[in-house]
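So that the names make sense, note that chain A is the first sequence line, chain B the second, and so on, each numbered from 1.
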Number of protein chains: 2
Amino acid sequence: MSGFVSHFTNRLDAKGRVSIPAPFRAVLARDGFEGLYCITSAHCDAVDAGGNELLAEINKRSEAFAKLSPDHDALAVALFGASENPKIDGDGRMTISDMIRDHAGITDQVTFVGMNYKFQIWEPAKFREYRAEAQRRALAMLSGQAPVPSQGEPA
Amino acid sequence: MSGFVSHFTNRLDAKGRVSIPAPFRAVLARDGFEGLYCITSAHCDAVDAGGNELLAEINKRSEAFAKLSPDHDALAVALFGASENPKIDGDGRMTISDMIRDHAGITDQVTFVGMNYKFQIWEPAKFREYRAEAQRRALAMLSGQAPVPSQGEPA
DNA sequence: TGGGTCCTTATGGGATACCATGGGAAAACA
DNA sequence: TGTTTTCCCATGGTATCCCATAAGGACCCA
């Protein structure tokens with residue numbers, strides 16, 4: 001059963017809402033998470049989004065340290081403090097919060113990028129830029145050296 | 001369903017009250033704790049807050065030492081002496097006690113930071129500072145850690 | 001193959017509910 | 001009796017719910 005694939009660009013309306021691409025909604029429905037789990041990416045101007053599968057990934061990371069310890073607190077702030085649970089309305093839309101808007105530099109359009117177990121939320125121009133760079137790197141990796149450790153589908 | 005997530009900044013009113021963010025109230029309601037459990041953090045200028053899940057974590061800590069032992073007594077004093085049970089009024093507000101105010105250096109605004117099983121209460125400026133540091137540490141911690149099966153992330 | 005119909009999807013907008021906040025009055029306290 | 005706490009209500013702004021519409025695609029049928 002496949003996860004989030006392909007990418008879509010939708011418009012924000014006057015209220016700051018945007019339609020989540022229908023194929024992504026279908027994946028979320030299968031996943032069973034109430035609403036959407038979002039977390040700002042630590043290493044690029046995008047927001048990771050998904051359901052239980054993404055949340056499990058985050059939890060796994062934070063469980064590596066004992067609760068109430070300074071390390072765990074710092075990690076929890078960085079992970080959960082930078083997360084959100086937007087609701088999805090009856091028409092399949094979410095509202096882009098200020099946190100997401102600021103982190104991703106979104107103004108009037110949003111690009112949703114499937115990444116199998118999660119998807120990312122981008123400002124369209126920044127995504128095009130990032131994508132071109134990613135393709136260059138992928139090409140270099142593929143042509144340059146030994147088999148890529150392919151434990152997932154090639155994005 | 002996930003726990004305390006995201007962060008919110010609210011104003012104190014003239015009576016020293018502040019609204020607990022609605023999403024946090026929803027988590028507390030699910031948790032079933034009457035009111036709120038607060039304890040000053042031992043290693044930063046913040047106050048830990050939550051319900052039964054936080055309390056259980058603290059109990060687990062103190063149970064690691066034999067009761068009646070000097071160690072246990074000292075820990076109990078440190079833990080429960082630094083604790084409070086503020087009430088939550090009908091409008092979802094709590095009063096910031098002097099202990100919390102002093103420990104966190106709060107004046108007129110409060111930042112609530114979700115950390116999954118608990119949340120923290122911060123003075124906004126101090127939080128921004130801590131958050132920047134936490135993100136650096138988290139990045140280091142996560143990248144040094146045993147490889148999380150990163151299927152797809154082109155980073 | 002061409003045309004028509006139905007359904008899904010993205011988007012817009014009005015009405016309503018919720019939430020943070022302020023303040024008054026009753027109650028408890030000292 | 002003065003002071004603080006607790007309960008209750010008011011309000012402005014925002015988010016949520018609900019309905020409308022247009023465009024595109026799938027499907028069916030001739």
Side-chain angles (χ1 to χ4, degrees), chain A residues 2 4-30 33-38 47 49 83-102 106-114 119 121-124 127, chain B residues 1-2 4-30 34-36 38 49 84-102 106-114 119-124 127:
Chain A
S2 76
F4 303 102
V5 293
S6 186
H7 66 273
F8 308 86
T9 299
N10 290 335
R11 250 197 305 282
L12 277 167
D13 69 12
K15 298 181 183 177
R17 297 175 300 185
V18 64
S19 288
I20 296 168
F24 288 9
R25 297 205 299 262
V27 177
L28 288 169
R30 268 203 308 266
F33 188 77
E34 179 73 17
L36 189 63
Y37 189 88
C38 291
V47 174
S83 299
E84 270 180 8
N85 282 351
K87 295 187 177 94
I88 299 179
D89 73 17
D91 302 326
R93 290 182 281 197
M94 64 178 290
T95 28
I96 299 294
S97 69
D98 288 348
M99 186 182 81
I100 294 179
R101 186 188 305 265
D102 294 346
I106 290 166
T107 56
D108 63 333
Q109 285 199 316
V110 175
T111 297
F112 297 86
V113 183
F119 62 90
I121 296 175
W122 283 87
E123 192 281 323
F127 171 63
Chain B
M1 194 63 179
S2 65
F4 302 103
V5 144
S6 189
H7 63 275
F8 308 86
T9 299
N10 290 336
R11 251 196 302 283
L12 277 167
D13 68 12
K15 300 179 184 177
R17 298 173 300 183
V18 65
S19 288
I20 296 169
F24 287 10
R25 297 203 300 263
V27 177
L28 288 169
R30 245 184 296 137
E34 180 72 17
L36 190 63
C38 291
E84 279 182 356
N85 283 72
K87 295 184 180 99
I88 299 179
D89 74 17
D91 300 328
R93 289 183 281 199
M94 64 179 289
T95 17
I96 299 294
S97 70
D98 288 348
M99 184 184 82
I100 294 178
R101 187 188 303 265
D102 294 347
I106 289 165
T107 57
D108 63 332
Q109 286 199 315
V110 176
T111 297
F112 297 86
V113 185
F119 62 91
Q120 283 187 330
I121 297 175
W122 282 87
E123 192 281 322
F127 169 64

Asker: Expressed as a whole number of angstroms, how long is the span from A:Ile96:CD1 to D:dT14:C1'?
Answerer: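 My rounded result for the distance is 16 Å.
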Asker: OP1, OP2 of D:dT5 versus side-chain N and O of B:Thr95: anything below 4.0 Å?
Answerer: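 Answer no for this pair, as no side-chain N or O of B:Thr95 is under 4.0 Å from OP1 or OP2.
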Asker: Quick one: label B:Asn10 by what it contacts on the DNA or RNA (base, sugar-phosphate, nothing), any heavy atom closer than 4.0 Å.
Answerer: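 The answer is sugar-phosphate, as B:Asn10 gets under 4.0 Å only of primed atoms, P, OP1 or OP2.
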Asker: Roughly how many Å is it from CG in B:Asp89 to P in D:dC8, rounded to a whole number?
Answerer: 10 Å
Asker: Assign A:Ile88 to base, sugar-phosphate, or nothing according to its heavy-atom contacts below 4.0 angstrom with the strands shown.
Answerer: nothing
Asker: Check the distance between C:dT11's P and A:Met94's CE and give it to me in whole angstrom.
Answerer: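 Rounded to whole Å, this separation is 14 Å.
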Asker: Return the CE to SG distance between A:Met99 and A:Cys38, rounded to the nearest 0.5 Å.
Answerer: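 Those atoms lie 7.5 Å apart.
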Asker: Distance check needed: C:dC19 C1' versus A:Lys87 NZ, whole Å only.
Answerer: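 Those two atoms, NZ and C1', are 11 Å apart.
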Asker: Determine whether a donor-acceptor pair (one donor, one acceptor, N or O, separation below 3.5 Å) exists between the side chain of B:Asp91 and the base of D:dC9.
Answerer: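 Yes.
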Asker: Expressed as a whole number of angstroms, how long is the span from B:Arg17:CZ to C:dT21:C1'?
Answerer: 8 Å
Asker: I need the CG-P distance between B:Asp13 and D:dA10, as an integer number of Å.
Answerer: 18 Å
Asker: Do B:Phe24 and B:Phe4 have their ring centres less than 6.0 Å from each other?
Answerer: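 Centroid distance B:Phe24-B:Phe4: below 6.0 Å, so yes.
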Asker: Give a yes or no on whether a donor-acceptor pair under 3.5 Å exists between the nucleobase atoms of C:dT21, that is its base, and the side chain of B:Lys15.
Answerer: no
Asker: If I take atom CZ in residue B:Arg93 and atom P in nucleotide C:dC18, what distance separates them, rounded to the nearest angstrom?
Answerer: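 The distance from CZ of B:Arg93 to P of C:dC18 comes to 18 Å, rounded to the nearest Å.
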Asker: Can you find an N or O donor on one side and an acceptor on the other, under 3.5 Å apart, linking the side chain of B:Arg11 with the base of C:dG22?
Answerer: no
Asker: When you look at CD of B:Glu34, are more than 12 heavy atoms from neighbouring residues, nucleotides or ligands closer to it than 6.0 Å?
Answerer: no
Asker: Taking the basic N atoms (NZ, or NE/NH1/NH2) and the acidic carboxylate oxygens, is any pair closer than 4.0 Å for B:Arg93 and B:Asp91?
Answerer: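 B:Asp91 and B:Arg93: salt-bridged.
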Asker: Remember a base hit wins even if backbone is also touched, and classify A:Ser19 as base, sugar-phosphate or nothing at under 4.0 Å, heavy atoms.
Answerer: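 A:Ser19: base contact, heavy atoms under 4.0 Å.
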Asker: Roughly, in whole Å, what's the span from CD in A:Gln109 to P in C:dA10?
Answerer: 14 Å
Asker: Under 3.5 Å, side chain of B:Asn10 to main-chain N/O of B:Ser19, donor-acceptor pair present?
Answerer: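 Side chain of B:Asn10 to backbone of B:Ser19: a pair is present.
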